[in-house]
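Predicted, not measured: the structure shown is a model, and the values here were computed from it. Each chain gets a letter, A, B and so on, in the order its sequence line appears, and its residues count up from 1.
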2 protein chains.
Amino acid sequence: MIVVATTEKSSVATGAETSSKSETAYRYVLERIRSGSYGPGYRLVLSRLADELNMSVVPVREAIRRLESERLITFERNVGATVTGIDPTEYLYTMQTLALVEGYATALCAPLLAPADLARARDVNGQMRVRLADFDPRTFTELNLAFHAILFENCPNPHVLDLVQRGWNRLGALRSSTFAYVPGRAARSVAEHDALLDALAAGDDVVEIERLARRHRLATLEAYLAHAGT
Amino acid sequence: MIVVATTEKSSVATGAETSSKSETAYRYVLERIRSGSYGPGYRLVLSRLADELNMSVVPVREAIRRLESERLITFERNVGATVTGIDPTEYLYTMQTLALVEGYATALCAPLLAPADLARARDVNGQMRVRLADFDPRTFTELNLAFHAILFENCPNPHVLDLVQRGWNRLGALRSSTFAYVPGRAARSVAEHDALLDALAAGDDVVEIERLARRHRLATLEAYLAHAGT
DNA sequence: AGCGACGAAATCGTATACGATCAGTCTCGC
DNA sequence: GCGAGACTGATCGTATACGATTTCGTCGCT
């Protein structure tokens, strides 16, 4: 699992992590959603979760509401909580927004990238290229996240980075669905990564970098839309 | 008060609004923060709020945590909740992010704007110009929000609109602070509005629209940075 | 007078309890 | 046989209670 920006408060690695129970519940459910164990539509029963985690419903409730505000959970009064579904419209909203924030984040980070960082990113992209042969959406997605995570490592704006992270979490929820895979998209994605790395290495204008990075994400969306249209 | 996008679930105006207590608490505190009654650093005591609203601490807690995830409240374990402060760095993060999402939202909405909408926006901008004489930051800010709210009325991506709304809420918290006002900025802001309206009326490319709208917000940030630098 | 340690008050974190609301089912009448 | 209404079980929403932690004032010591 690759994690770029945790939403935790203390970024200091003091060791003694005093996380509250609600924090524990939050991470527990988030990880399940990210990994796909809790797929779209999965029903979350507060009391059951509370039992599972050896805590009462109050902290669980808090965690669920937090996930709700990140659009990962849909919570209906007196009905229950389910992992948010993924109709095409929501997919479009999410991908558009992600394209926006990823593009900007890439541009913000571009001037801060050392050659060594670019080399690591190239290496990851190389691994992706190798995996094109025996394609597995899950590992491919992980590598894709790793690739962009390298570019965002020194992001000077944590708010933007947080939005990127939320978008990724949201996509994680629908990773294993039919939306995730469009034939031929993976190979083009690898090629676009190379183009982006070339532009970064050449020290291109940040406007151009942002355009490239945004289009990279939008291309996936458009590929899906075209695929769904046929 | 101008509200563009409520975060409510039911956008249907069925009339019978069955809002939970936690929802009530959320709106109560949010409105206080937006309006400036609860300024940066204001201390929120859960039990006191609960008394004020005739409810127990549990729903209040929920509301506070929700506001925390929107960066409006800072909540520290066993210490308490305070309205999030506004150091220059946070201001930069917020304004950068807002420039990003406002710019994109403007571009998304541009093709959907009718001449009548532009006329209304011009009217609001006219009111702003009039108020330049006897400048009042509070009403000026409200008019500014109204101006952009008109442009965003038919926004096709609610996620982006939500991010804009969150940014505005966050700025509301620091409206009455020294950060909000930089001499001469208001007049330039009105001029930029006109330029943006001209571009919209001319049917300019969405890329250009986005660039203009983004720069409009960034200009405020840069004016502040320059002002603070002296 | 300044500084450190102790104690009490305030506040948060969570458990438990109970009322409210909804979905599904079962029965009764047509 | 089929539909309407009531009932039951499940689940959520909130109140209350209590333990844990921090903060702040006070007292004693140097």
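The phosphate of dT14(D) has neither OP1 nor OP2 within less than 4.0 Å of any side-chain N or O from S56(B). In this model, the phosphate group of dT11(D) is approached by a side-chain N or O of R48(A) to a distance below 4.0 Å at OP1 or OP2.
When heavy atoms are screened at a 4.0 angstrom cut-off, L44(B) is found touching the sugar-phosphate backbone but no base atom.
Atom P of nucleotide dA15(C) and atom CE of M55(A) are separated by 7 Å, given to the nearest angstrom. Rounded to whole Å, the distance from CG on D51(B) to P on dC12(C) is 12 Å. At whole-Å resolution of the value, CD in E23(B) and C1' in dC12(D) are 16 Å apart. In this structure, the CD atom of E68(A) is 13 Å from the P atom of dC12(D), given to the nearest Å. R65(A) places its CZ atom 11 Å from the P atom of dC12(D), with the value rounded to the nearest Å. When rounded to the nearest whole Å, the span between CD of E62(A) and C1' of dG13(D) equals 14 Å. Taking atom CD1 on I64(A) and atom C1' on dC12(D), their separation rounds to 12 Å, with Å as the unit. Here the P atom of nucleotide dA10(D) and the CG atom of L49(A) are 18 Å apart, to the nearest Å.
A salt bridge does not link R131(B) to E142(B): none of the charged nitrogens lies less than 4.0 Å from a carboxylate oxygen. Using a cut-off of 4.0 Å between Lys/Arg side-chain N and Asp/Glu carboxylate O, E62(A) and R61(B) are scored as salt-bridged. The pair E52(B)-R48(B) does not count as a salt bridge, with every side-chain nitrogen at least 4.0 angstrom from each carboxylate oxygen. With respect to the salt-bridge test (charged N to carboxylate O, under 4.0 angstrom), the residues E23(A) and R66(A) qualify.
Taking only side-chain atoms of F75(A), from C-beta outward, the nucleotide of dG13(D), dA15(D), dT16(C) with the closest atom is dG13(D). Ranking dC12(C), dT14(D), dA15(C) by closeness to the R61(B) side chain, first place goes to dC12(C). Distance from the side chain of V45(B) is smallest for dT11(C) among the nucleotides dT16(D), dT14(D), dT11(C). The nucleotide whose nearest atom lies closest to any side-chain atom of P59(A) is, among dA15(D), dG13(D), dT14(C), dT14(C). Considering only the side chain of N78(B), dG13(C) comes nearest among dT21(C), dG13(C), dT11(D).
Nearest-nucleotide assignment on DNA chain C puts the 5′-proximal partner with G80(B), out of V79(A) and G80(B). Between A81(A) and V58(A), it is A81(A) whose nearest contact on DNA chain D lies nearer the 5' terminus.
Between F140(A) and F135(A), the two ring planes are tilted [angle within 30° to 60°].
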